[in-house]
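Have a look at the structure below before the remarks.
No hydrogens, no waters, no symmetry mates; every other heavy atom, side chains included, goes into these values.
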Amino acid sequence: MKREILISAAPQETRVAILEDDVLVEVMVDRPDAQRLVGDIYLGQVEAVLPGIQAAFVDIGTEKAAFLHVSDVTRDGAGEDEDEDEEDEGDRGRRYPPIQELVQKGERMMVQVSKEPIGTKGPRVTTQISLPGRFLVYMPGSRHIGVSRKIEDREERSRLRDLARELLPEEGGGVIIRTVGEELTREIFQRELQTLVKTWQKIQRRAKGAKPPALIHREAKLTSGIIRDAFTEKVDALIIDSKEVHSEVKQYLKGVDPDLMQRVHLYTDPLPLFDKYGVEDAIREAFQRRVDLPSGGYIIIEPTEALVSIDVNTGRYTGKRDPEKTILRTNLDAAREVARQLRLRDIGGIIVCDFIDMESRANQDRVLQELRTYLNRDRARTRAFQVSELGLVEMTRQRVRPSLFHSFTESCAVCGGSGRVFKPETVVRRIERAVRRVAAEGAEKRLTIRVHPQVALHILEEEPNFLRRLEKEYRLELDLRDDPLMRQDEFRLLAGPAHTDVTGKYALG
C-alpha cells in the first residue's frame, strides 16, 4: 500500500495529511489559538477529591480543572511479559485503592495530560508520566517492560525485552518498545533511552523550583510528533511545502534515522500542496452527513452527545438478481469507508453502525472482518464487537482530542446546533397562538407581524385568508411584513403606532 504524509505549514496554521493509496485518511491541524495539550506535563494542585466517582480535580492552570481518575493515579505492578499497543497498558478490570487514600485536597502533584478538553469537560490527566521517543516510550514511575503487539516475531520480542532489562537505569523506570523499534540495535536503544532519562531529570529539576499550577514540560509540536510517531519505512514519501520545516525535518532525521532522508521532499509548485493532492476537497467532504460509496450506496454519519451513529443504505445500487449479494457488496464498501471516516474525522468514544441486515451468518462475519482489517490501520486504539441481536455493530475508538467536526465548527445560532429549523407552516401556527394571547389580554387593537420572506410566501400562497380569519376572530387589525434579515423560524409582533415589540410577552411557542 502506498503511504504519503503531506505537511503544509503557514504562520498561523500547520496542517498534516496522511494519504493511503492517494486517499485522505487522516488530517491534523495545529493553530496558535488552539494549542494542543496532550503529552504536556504540569505541576498541579488538587482542588477536590470525590470518592463517589473515585476521581479528583486538579488545578493545572487551564480554564477548567483537570480530571484525574483513580485508574490514572496508581499501577498494580504490570508484569514484564505483557504485550502493549504503543502506549496502551490495558488497565481494564483492575482494582484500585480508594481515591481518598491516594490523593488529598491541596496536595501538589505532577500530572500529564492524556486527553484534550472536549465540550464541557476539562482535560484528563494521569500521574503515570510517559516520555515518548521515536523507538521507545520511557515511563519513569514504572518497572514495566512492554513491546508493541504489532511486532509479531517472538524471537525479536524476546530480544527487545532482554535488551530493555539490561539497559534500563538502576534508579528505576520502564519502557514500551514501539512498533518502529523492530530490529532496534543496542546503540540506538541506549542513545534514545539516555536522551529520555535526561529529559526526565530536567523535568524533575523544573518541578522542584515551580509553584503550582505550572507547565513543566511541553510535548513536541504537531510536525515533530508526526515525524517521530508516523514517519517510518512504511511511508513512501514525506512532502513539505515550507523550506524551514523541511530543513528541520532533515536535521532531525539525520540524527535518528538517516535512511529516511531520501524520502523527504520539498514542494515548490505554485499550486497549493493540498490542492495538488485533492486534500482540500476531501476535507470539505468530511463535514457532510452523507458519504457516497463506490457501489452506489451511501452512509449517514450523525454525531450525538452520547455516541456517533452510522447508518448504511443501498441507495441507487440495486444489484441484478441476488439481493444478498447486493447487500453484501454495499456492506463491504461501507465497512472500509466507516474505518476511513473514523480516522479522517477523528471520531472517538462509542460508535454504533447499522449495517444493512444480512441473513447469512458467514456474510455478517465477512463484513465484520473487513471492518476490523481496516480499523487495524488506525493509529488510535479501536475495538469492534460482534453483530448484536438488533443487527448493529458497536465500536469504541480512543478519544484523545475533539473530533474534526467539533474542532472546526460551532453550534448554529439559528437552529441551536440541531441542524434543523421550524417549517413555515409551523411558524404560522406559532404566530396564530401568539395573536390569540394578545387578543386575550385585550390591551392591543393593532399588530404588525414581521416574518421571514419564506414564511410570508407560505401565508400568501397556502393560507391567503390567514390574516382576514384572525382579524375577524380576535377583532384585531393585522399587518404582515416580510424581513429578509430575520431567521426562517423567527417572528416579531409589533404593537400600536410606535411599533413596540411585544413578541417576548406573547410568543411562548
- Message: For V387 and F355: C-alpha separation, side-chain torsions, deciding distance, then whether side chain to side chain contact (heavy atoms under 4.5 Å, CB included) applies.
- Response: CA-CA 9 Å; V387 180; F355 287 99; over 6 Å; no

- Query: Run the side chain to side chain contact (heavy atoms under 4.5 Å, CB included) check on V175 and L167 step by step: do they pass?
  - Reply: CA-CA 10 Å; V175 293; L167 296 178; over 6 Å; no

- Verdict with supporting geometry, D378 and R397, salt bridge (Lys or Arg N to Asp or Glu O under 4.0 Å): CA-CA 9 Å; D378 198 340; R397 185 175 186 270; 2.7 Å; yes

- Message: Pair Y138, L136 - check side chain to side chain contact (heavy atoms under 4.5 Å, CB included), show working.
- Response: CA-CA 6 Å; Y138 176 58; L136 313 171; 5.8 Å; no

- Message: Could you walk me through whether L342 and I310 satisfy the side chain to side chain contact (heavy atoms under 4.5 Å, CB included) test, starting with their C-alpha distance in whole Å, then the side-chain angles of each, then the deciding distance to 0.1 Å, before giving a yes or no?
- Response: CA-CA 10 Å; L342 296 184; I310 302 176; 4.3 Å; yes

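Between N331 and I327 there is a side-chain heavy-atom pair separated by less than 4.5 Å. When side chains are defined from C-beta on, R336 counts as touching E370, because their heavy atoms get closer than 4.5 Å. The side-chain heavy atoms of R377 and V25, taken from C-beta on, include no pair separated by under 4.5 Å. In this structure, S242 and E248 have side chains that are not in contact, with every pair of non-hydrogen atoms separated by 4.5 Å or more. By the 4.5 Å heavy-atom criterion applied to side chains, V29 and S407 are not counted as neighbours. Looking only at side-chain heavy atoms (C-beta outward), T382 and T396 stay at 4.5 Å or farther from each other. At a threshold of 4.5 Å between non-hydrogen side-chain atoms, the residues L50 and I99 do not count as touching. Contact of the R228 side chain with the Y252 side chain is registered, since non-hydrogen atoms from C-beta on lie closer than 4.5 Å.
For L375 against A384, the heavy-atom pair with the smallest separation is CD1-CB, 3.9 Å. The two residues V125 and A66 come nearest to each other via the heavy atoms CG1-CB, 3.5 Å. Here the closest heavy-atom approach between residue Q128 and residue V73 is recorded as NE2-N, 4.0 Å. The two residues Q386 and R361 come nearest to each other via the heavy atoms OE1-NH2, 3.5 Å. Contact record, D346 with P402: OD2-O, 4.2 Å, taken as the closest heavy-atom pair. The two residues L196 and P132 make their nearest non-hydrogen contact at CD2-O, 4.0 Å.
Between R379 and D229 there is no salt bridge, since no side-chain N of the basic residue sits under 4.0 Å from a carboxylate O of the acidic one. The existence of a salt bridge linking D72 and R124 is confirmed by a sub-4.0 Å separation between a basic side-chain nitrogen and an acidic carboxylate oxygen. Salt-bridge check for R3 with D236: failed, with every basic side-chain N at 4.0 Å or more from each acidic carboxylate O.
Within the 3.5 Å criterion, the main-chain N or O of M358 finds a donor-acceptor partner in the side chain of Q364. With hydrogens and angles ignored, the 3.5 Å screen pairs no side-chain donor or acceptor of Q454 with any backbone N or O of P424. Between the side chain of R383 and the main chain of E394, no donor-acceptor pair closer than 3.5 Å is present. One N or O on the side chain of R178 and one on the backbone of G133 form a donor-acceptor pair closer than 3.5 Å. D40 contributes a side-chain N or O that, together with a main-chain N or O of E219, makes up a donor-acceptor pair within less than 3.5 Å. Side-chain N or O atoms of E324 include one that pairs as donor or acceptor with a backbone N or O of S360 at under 3.5 Å. A donor-acceptor contact shorter than 3.5 Å is absent between the side chain of R381 and the backbone of Q398. E337 contributes no side-chain N or O that, together with a main-chain N or O of V291, makes up a donor-acceptor pair within less than 3.5 Å. Remark: the backbone N or O of E183 is paired with a side-chain donor or acceptor of E156 at under 3.5 angstrom. Under a 3.5 Å cut-off, the side chain of R290 and the backbone N or O of Y298 do not form any donor-acceptor pair.
Within 6.0 Å of CZ on R159 lie more than 12 heavy atoms contributed by other residues, nucleotides or ligands. Remark: L368 CG is packed, more than 12 non-hydrogen atoms of other residues, nucleotides or ligands lying under 6.0 Å away. Around the CD atom of E13, the shell of radius 6.0 Å holds more than 12 heavy atoms that belong to other residues, nucleotides or ligands.
Atom CZ of R15 is separated from atom CG of D241 by 9.0 Å, given to the nearest 0.5 angstrom. Expressed to the nearest 0.5 Å, how far CD1 of I145 lies from CE of M139 amounts to 9.0 Å. Taken from CG in L390 to CG in D357, the straight-line distance is 9.5 Å, to the nearest 0.5 Å. A distance of 6.5 Å separates CZ of R430 from CG of D489, quoted to the nearest 0.5 Å. In this structure, I227 CD1 and R134 CZ are separated by 8.0 Å, a value rounded to the nearest 0.5 Å. To the nearest 0.5 Å, atoms OG1 (T195) and CG (L131) are separated by 11.5 Å.
A side-chain contact (heavy atoms from CB on, under 4.5 Å) with I18 is found for one member of V27, L344, I5 and no other, namely I5. Applying the salt bridge (Lys or Arg N to Asp or Glu O under 4.0 Å) test between E20 and each of R343, R340, K2 identifies R343 as the sole match.
A cation-pi arrangement is present between R31 and F408 under the rule of less than 6.0 angstrom and at most 45 degrees off the ring axis.
With sequence neighbours excluded, no residue satisfies ring-ring contact (aromatic ring centres under 6.0 Å, His included) with F422.
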